[in-house]
Amino acid sequence: MAIQIKTLEQLKIMRKAGLLVGQTLELLRSSIKVGMRTDALDAIAEANIKRGGGTSNFKGYHGFPATICVSINDEIVHGIPGDRVIEDGDVVSIDCGAIIDGWHGDAAISVGVGSVDPGDQKMMDVCEESMWRGIAAGGAGVKLSNIGHAIEEYVKSQGTYGILQEYGGHGIGTEMHQEPHVLNFGKPGSGPEITAGFALAVEPMITRGTHKTKVLSDDWTVVSADKSRGAHFENSYCLLPDGKVFVITALDGGRSKLGALGVEISDLLA
Ligand code: MG
Ligand code: MG
């Protein structure tokens, strides 16, 4: 399947969807507390997406029953919200997506709740920074695999972490998951050239142990095979006709984090 190249007008709509996702994740980050059930987070997300004029792209996706994924500790991605109660020191990964006028946004954060283990906090910080490094490496005119290479290089420079291999980022547009698949590891210089109109979700998933995973009997929840804790960060970004990037799911378009890495952000979606 060909990579969907978006026009500036289409990317403007994707920014609306992305902004709603980013705002919903910030609301969840500020709402999450010890003692809360994970389905309470789901209800907050559902209401906020509705209030913002969007619909969930997760609910009903291959039968997924909820608005967000909530994955705790050794659960890395695709956890189903329910009656599980968040405990002190939990690492909670929340993945959220929304559709506005047929265009998708997709992003994820990991949040430490209460007294967080310093090693868990470092893992989350490394995962988040690797996502920004991946986006920074994915500018106009470079090959797609440069993104995964930058992610892997940064993660490896920071310690011994497992980088999940069976899961990765993706193109995004009129579907949540499009071509191309975006690996979180590998050699630079291969794959399609990134050009204006690309929109990609970059989403490293790492653990404090193995990269190997298992899927629980609910057929969704992905856990680390060695029960080590994991983190997941994701943003959706695009390449604009001016040759610059913009992170559609970041409240500031990626200005602060990418600016620190020397990347210029487009003004075309401001
Ligand atoms: Mg996601
Ligand atoms: Mg995604």
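Starting from 1, each residue takes its place in the sequence as its number. Note that these values count all heavy atoms, side chains included, but never hydrogens, waters or copies made by symmetry. In listed order, ligands and their atoms are each counted from 1.
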* **Residue list, ring-ring contact (aromatic ring centres under 6.0 Å, His included) with F64, at least two apart or on another chain** =>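 With sequence neighbours excluded, F64 shows a ring-ring contact (aromatic ring centres under 6.0 Å, His included) to W220, given in chain and number order.
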* Atoms of protein origin (N, O or S) under 2.8 Å from the Mg ion (ligand 2) ->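 Short answer, with waters excluded from the count: D106 OD2, H170 NE2, E203 OE2, E234 OE2.
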Neighbour count >12 (heavy atoms, 6.0 Å) for atom [atom1], [X]:
X    : atom1 : result
K244 : NZ    : yes
E87  : CD    : no
Q121 : CD    : yes

* SB check E152 K156 (cutoff 4.0 Å) ->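 Judged by the 4.0 Å cut-off on N to carboxylate O distance, E152 and K156 do form a salt bridge.
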* To do: May I ask you to check whether H170 and H177 place their ring centers less than 6.0 Å from one another?
  =>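 Centroid separation for H170 and H177: below 6.0 Å.
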